[in-house]
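Take a look at the structure set out below.
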Amino acid sequence: MQLTRNINQPVGDLFAEFDRLFRIPFGRTEDRAANQVPRGFSLYESNEDWRLRADLPGFAKEDVEITVTDGVLRIAAKRGDNEQGFIADFTQDVKLPDDVAAGQISAHHENGVLEITLPKQEPPKPETTRININ
Amino acid sequence: MNNQDTNITSDCGGGTCTVDGTQQTARPPYRVTESDAGITLDVALPGVPKERLTLSTTESILTLRADRSDAVPEDWQAHRVTNRPGAYELKIRLNRSLDPGRIDAKLENGVLQLAIAKREEAQPRRISVN
């Protein structure tokens, strides 16, 4: 089973995205019924950064690919063997809020847990241009 | 998960065993596969390092206790926390055909794999015909 999301679909803010993520019915789909368990997913915030933690039991560091494209973080996890994992291969897109420094995102994988650090930055201020009326 | 395997039974029927107010202890998902030589028990234990895992056997009861090491600092604000227990506990009763004295354990990428051998007398025996 692979869960994918069309990157071209409109996305809401980060929390709405997580809300959507958690509605993915792992617990009710036929794919999950016999072999899969719900994914552990957590989002934390400190003064300096956002932290996203995902439980990925059975996935090695090499099985996980993280990319950022136009403000969208994509986590793709695919097992290299044919054994059944506790969770299915998946691709997950997360719309990043404006205050994330996309160029400084880092990730750490240990004991089957992926932690992504999303450093904060000053969100870009909207530019206002005054138009003179002649 | 294949908890209905005839070789083992679990005494912690629900998904969560105990809650101590701050840290939830859950029964981890597990899966059993059987071969002629024994069974392989895979247990999902994300966040658990080897040092925080305890395995013991008493007669035919295999007990697993494990704590996650990825603690959350106090100054972090939790926005979403889903399916993240702080500890795991699993007690399973091994079938008489299994030998509690011959268990190999391997912990990798958040999955504990236990190979539990069958007793010699429980293994298939080839009988030659003269």
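Per chain, numbering begins at 1; letters A, B, ... match sequence-line order. Quick caveat: nothing in here was measured; it's all calculated off a predicted structure.
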Under 4.5 Å, heavy atom to heavy atom, which residues of residues 100-111 of chain B contact chain A?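 Listed by number: B/N109, B/G110, B/V111.
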Atom CD of B/E121: over 12 foreign heavy atoms under 6.0 Å: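 Correct, the count exceeds 12.
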Restricting to non-hydrogen atoms, name the atom on B/W76 and the atom on A/S46 that form the minimum distance, rounded to 0.1 Å.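 Residues B/W76 and A/S46, closest heavy atoms: CD1-CB, 3.7 Å.
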What side-chain donor-acceptor pairs closer than 3.5 Å can you find for residues 96-116 of chain A, not counting sequence neighbours?
from, atom 1, to, atom 2, distance (Å)
A/D99, OD1, A/W50, NE1, 3.3
A/H108, NE2, A/E110, OE1, 3.0
A/H109, NE2, A/F59, O, 3.1
A/E115, OE1, A/R53, NE, 2.5
A/E115, OE1, A/R53, NH2, 3.0
A/E115, OE2, A/R51, NH1, 2.6

Stacked cation flag B/R80 on A/F41, 6.0 angstrom / 45 deg: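 No, B/R80 and A/F41 do not form such a contact.
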As an exercise, state the distance from OH of A/Y44 to CG of B/D75, rounded to the nearest 0.5 Å.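 One finds 12.5 Å between OH of A/Y44 and CG of B/D75.
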Give, for atom CD of B/Q77 and atom CG of A/N47, the distance between the pair rounded to the nearest 0.5 Å.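 Nearest 0.5 Å value for the CD-CG distance: 10.0 Å.
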